[in-house]
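Since we're looking at a predicted model, the values are computed, not measured. Computation of the quantities below employed the complete heavy-atom set of this structure, encompassing side-chain atoms and omitting hydrogens, waters and symmetry-equivalent molecules. Residue numbering restarts at 1 for every chain, and letters A, B, ... go by the order of the sequence lines.
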Amino acid sequence: MLDIKRLRSEPDEIRRSLERRGIEVPLDEFIELDAKRRELIVEAEEKKALRNRVSDEIAAAKRSGEDASGKIQEMKKVGERIKALDTLLRDIERELDAIVLELPNPPLADVPDGCDETENRLIRTWGEPRRFDYEPRPHWELGARLDIIDQERGAKVAESRFTLLKGPGARLERSLISFFLNLHTQEHGYTELFPPILVNSDSMQGTGQLSKFAHQEMYRLRDDDLYLNPTAEVPVTNIYRDEMLAEEELPISVTAYLPSFRREAGAAGRDTRGLIRQHQFNKVELVKFVKPENSGAELERLTADAEEVLKRLELPFRTVALCTGDLGFASAKTYDLEVWLPSYNDYKEISSCSNFLDFQARRLSIRYRPASGGRPRFVHTLNGSGLAVGRTFAAIIENYQNEEGTVTVPEALRHYMGADMIE
RNA sequence: GGAGAGGUGGCAGAGCUGGUUGAAUGCGGCGGUCUCGAAAACCGUUGUGCCCUUUCGCGGGGCACCGAGGGUUCGAAUCCCUCCCUCUCCGCCA
C-alpha cells in the first residue's frame with residue numbers, strides 16, 4: 001500500500017513513476033475525496049469534543065443534584081449528527097481505500113522501462129549450457145521412462161497439473177528441499193520456519209495477493225475464510241503483521257519450505273507438459289525484514305543466496321532485472337533467476353527475488369522502534385524463491401541426462417540421494 | 001463437537017454496581033539526584049494512529065483506540081448482540 005501522505009504531498013512524482021508501469025492514477029478523484037475526508041473529520045471531531053465536554057457537565061450536574069435534561073436533549077441531537085458524519089466518513093474512506101489499494105508499488109529508479117518480459121535487462125549469466133551430441137529428451141519423457149514422474153496417476157488422484165512422484169523421483173524432491181534448507185540455514189544465516197499451509201484473507205490482503213486480478217488464482221475453501229497457500233511469502237511475511245519489532249532484531253532472515261497451490265487460471269495451453277506449471281508445487285522461500293536503508297543491499301544478498309543454490313547444483317542460469325511492465329504488483333524491484341532448460345532450448349524462471357520497500361509493511365503494519373528512540377518506522381520486506389523445487393527437479397533431469405536415458409545425480413545431492421545415478 | 005473461564009498499555013496486573021480511568025499498582029525502559037564509577041535508594045518521565053495548528057524547532061490543541069465488529073445511552077474498558085482467539089475439563093483423533 002502506498003503512503004497516502006506521499007500521494008498527497010508529491011502526487012506528480014508518484015503519477016510519473018506509476019505511468020512507467022502503464023498505470024493511470026485517478027489523481028483528481030483521490031484529491032477530491034481526500035479533501036472531503038478531512039473536512040468531515042474536522043466537523044465530526046468538533047462535535048465529539050463538544051459532546052465529551054457537555055457529558056462531563058451532565059455528570060457534574062447529576063452529582064450535585066441539578067437538572068440536566070436540557071443538555072441531554074441537546075446532546076441527543078449532536079449524537080445523531082455525529083452518527084451521520086461517521087457514516088459519510090466511512091463511505092469516503094472506503095472509496096479512498098479502493099483507489100489506494102489498487103495502486104501498485106512505484107518502481108525504483110534503476111528498474112528498466114519496458115512493457116513485457118522481452119524488455120527485461122540481462123544482469124549476468126553463469127555456466128555454459130551443455131552441448132548434447134544427441135537430441136536431449138525433455139524431463140517429462142525421461143521421468144516417465146525412469147518411472148519417477150507419473151502425471152497420469154497424479155491426474156487420476158486429483159486432476160491435470162497434479163503429479164505423482166515415485167521412488168527416486170520422490171526422493172529427489174525431498175533431497176532438494178533438504179539441500180536448499182540446509183544451505184540457507186547453515187551457510188546463509190536464515191532461520192527455518194514451517195508455517196500454516198492455509199492462510200486467511202487478512203494475510204492474503206496484507207501481502208497484496210488479493211488484488212482484483214489475482215483473486216481467481218487462489219484456491220479458496222468453501223466453508224472457511226481460508227485459502228491454500230499460493231506462495232510461502234504469504235504466511236511467512238504475515239508472521240509479524242501488526243507487530244512492533246526492536247531494531248536489534250533486524251535484519252530478520254527466514255526460510256521456509258512449503259507446498260504452494262495455484263489454479264493457473266488463464267494459463268491453459270502453457271507449459272502443459274512436465275513439472276514446470278503445476279497446481280501444487282514445492283518451494284523453499286527466503287524472506288527478510290530489514291531496516292529501510294539496507295533493503296537495496298539486502299536484495300543483492302538475497303539474490304546471491306538464491307543463485308548459490310544453482311551454482312552448487314552446477315546448473316547454468318542467468319539473472320535478469322524485470323522491467324517496469326513485468327514487475328509484480330507489490331514489488332519495487334525484482335530479479336528473476338532463469339535456469340537453462342534443454343527442452344525449452346531457453347532459460348526458464350526458477351526464482352523471483354523482490355524488494356517491496358515499505359509497501360507490504362505498511363499494509364501489514366510491521367514496524368520497528370529505532371534504538372535511538374523516536375517514531376516507529378515501517379520495515380522493508382523482501383522475498384525470493386530459493387528455489388522452486390519442481391523446476392529445479394526438471395532442470396536437473398534434463399541437464400544431467402545421459403544418452404541411454406539415465407540421470408547423473410549432481411555432486412551436491414548425492415549425500416541426500418544416497419546414489420549417484422537415477423536409472 | 002459438549003461444558004466452563006478469560007482476552008486491558010513493552011510485560012505483569014487492577015478496574016467491569018456506566019460519568020476527572022488513556023486507564024491504579026508493580027516490573028521494565030528513559031532522564032535526574034547520590035557516587036571516583038556502578039549497584040541500591042529516591043524524584044521525574046514513559047503507547048499508537050488520525051485531524052487541526054505551528055516562527056516547521058522541539059511544540060500546542062483535539063479525536064479515536066482496553067481482542068474485532070455492531071448496538072443501548074447525554075456518556076461504555078464497564079451493559080447487550082455477533083464473531084475471533086486463549087486456557088481448563090470431557091469427547092474424538094494423528
Check your understanding: With distance as the sole criterion, is a donor-acceptor pair present between the side chains of E192(A) and T185(A) under 3.5 Å?
Key -> no
Point to revise | Distance-only side-chain donor-acceptor flag, R263(A) / Y219(A), under 3.5 Å | key: no
Check your understanding: Can you name the side chain to side chain donor-acceptor pair (under 3.5 Å) partners of E285(A), sequence neighbours left out?
Key -> K283(A), N383(A)
Check your understanding: With D225(A), which residues qualify under side chain to side chain donor-acceptor pair (under 3.5 Å), at least two apart?
Key ->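 S201(A).
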Nearest-Å distance once atom [atom1] is located in both [N] and [M]:
{"N": "A77(B)", "M": "U35(B)", "atom1": "P", "result": "48 Å"}
{"N": "G61(B)", "M": "G9(B)", "atom1": "C1'", "result": "23 Å"}
{"N": "G29(B)", "M": "G10(B)", "atom1": "P", "result": "16 Å"}
{"N": "G59(B)", "M": "G7(B)", "atom1": "C1'", "result": "38 Å"}
{"N": "U17(B)", "M": "C79(B)", "atom1": "P", "result": "6 Å"}
{"N": "G13(B)", "M": "A24(B)", "atom1": "C1'", "result": "10 Å"}
{"N": "G75(B)", "M": "G18(B)", "atom1": "C1'", "result": "8 Å"}
{"N": "U53(B)", "M": "A40(B)", "atom1": "P", "result": "47 Å"}

Please tell me which of the listed nucleotides, [options], lies nearest to the side chain of [X]?
{"X": "P376(A)", "options": "U48(B), C51(B), G19(B)", "result": "U48(B)"}
{"X": "R367(A)", "options": "C63(B), C52(B), U48(B)", "result": "U48(B)"}
{"X": "A49(A)", "options": "G49(B), C50(B), C63(B)", "result": "C63(B)"}
{"X": "S55(A)", "options": "G75(B), C52(B), U48(B)", "result": "G75(B)"}
{"X": "E45(A)", "options": "U48(B), C63(B), C74(B)", "result": "C63(B)"}
{"X": "I72(A)", "options": "C52(B), G70(B), C74(B)", "result": "C74(B)"}

Whole-Å distance between [N] [atom2] and [X] [atom1]?
{"X": "D202(A)", "N": "C83(B)", "atom1": "CG", "atom2": "P", "result": "18 Å"}
{"X": "L85(A)", "N": "C63(B)", "atom1": "CG", "atom2": "C1'", "result": "13 Å"}
{"X": "K83(A)", "N": "G75(B)", "atom1": "NZ", "atom2": "P", "result": "9 Å"}
{"X": "D56(A)", "N": "U21(B)", "atom1": "CG", "atom2": "P", "result": "11 Å"}
{"X": "K48(A)", "N": "C52(B)", "atom1": "NZ", "atom2": "P", "result": "15 Å"}
{"X": "M244(A)", "N": "G29(B)", "atom1": "CE", "atom2": "C1'", "result": "14 Å"}
{"X": "Y368(A)", "N": "G47(B)", "atom1": "OH", "atom2": "P", "result": "19 Å"}
{"X": "R53(A)", "N": "G61(B)", "atom1": "CZ", "atom2": "P", "result": "15 Å"}

Exercise for review: State the dot-bracket string of RNA chain B. Criteria: Watson-Crick or G-U wobble, both atom distances under 3.5 angstrom; notation: ( ) intrastrand, [ ] crossing earlier pairs, | interstrand, . unpaired.
Suggested key: ((((((((.[[[..)...(.....]]]((((((.......))))))(((((((.....))))))).[[[[[..)....]]]]])))))))....
Classify the nucleic acid contact of [X] as base, sugar-phosphate or nothing, counting any heavy atom under 4.0 Å across all strands shown.
{"X": "K77(A)", "result": "nothing"}
{"X": "K5(A)", "result": "sugar-phosphate"}
{"X": "I58(A)", "result": "base"}
{"X": "V42(A)", "result": "sugar-phosphate"}

Measuring to OP1 and OP2 of [N], would you say a side-chain N or O of [X] lies under 4.0 angstrom away?
{"X": "R51(A)", "N": "G75(B)", "answer": "yes"}
{"X": "N52(A)", "N": "C63(B)", "answer": "yes"}
{"X": "R8(A)", "N": "C51(B)", "answer": "yes"}

Check your understanding: Does any N or O in the side chain of N399(A) come within less than 3.5 Å of the main-chain N or O of A395(A), such that one atom is a donor and the other an acceptor?
Key ->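 Yes; judged by distance alone, with no hydrogens or angles, the pair exists.
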Check your understanding: Are any side-chain N or O atoms of N120(A) and backbone N or O atoms of V320(A), one a donor and one an acceptor, separated by less than 3.5 Å?
Key ->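 A pair under 3.5 Å: no.
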Practice item. Let me see the working for K36(A) and E39(A) under salt bridge (charged side-chain N to carboxylate O under 4.0 Å, His left out), right down to the final yes or no. Key: CA-CA 5 Å; K36(A) 184 75 186 160; E39(A) 205 177 286; 3.7 Å; yes
Practice item. Determine the sole option in E173(A), Q278(A), E152(A) for which the side chain to side chain donor-acceptor pair (under 3.5 Å) test with T163(A) is passed. Key: Q278(A)
Point to revise | Mutual orientation of the aromatic rings belonging to F162(A) and H279(A) [parallel < 30°, tilted 30-60°, perpendicular > 60°] | key: tilted
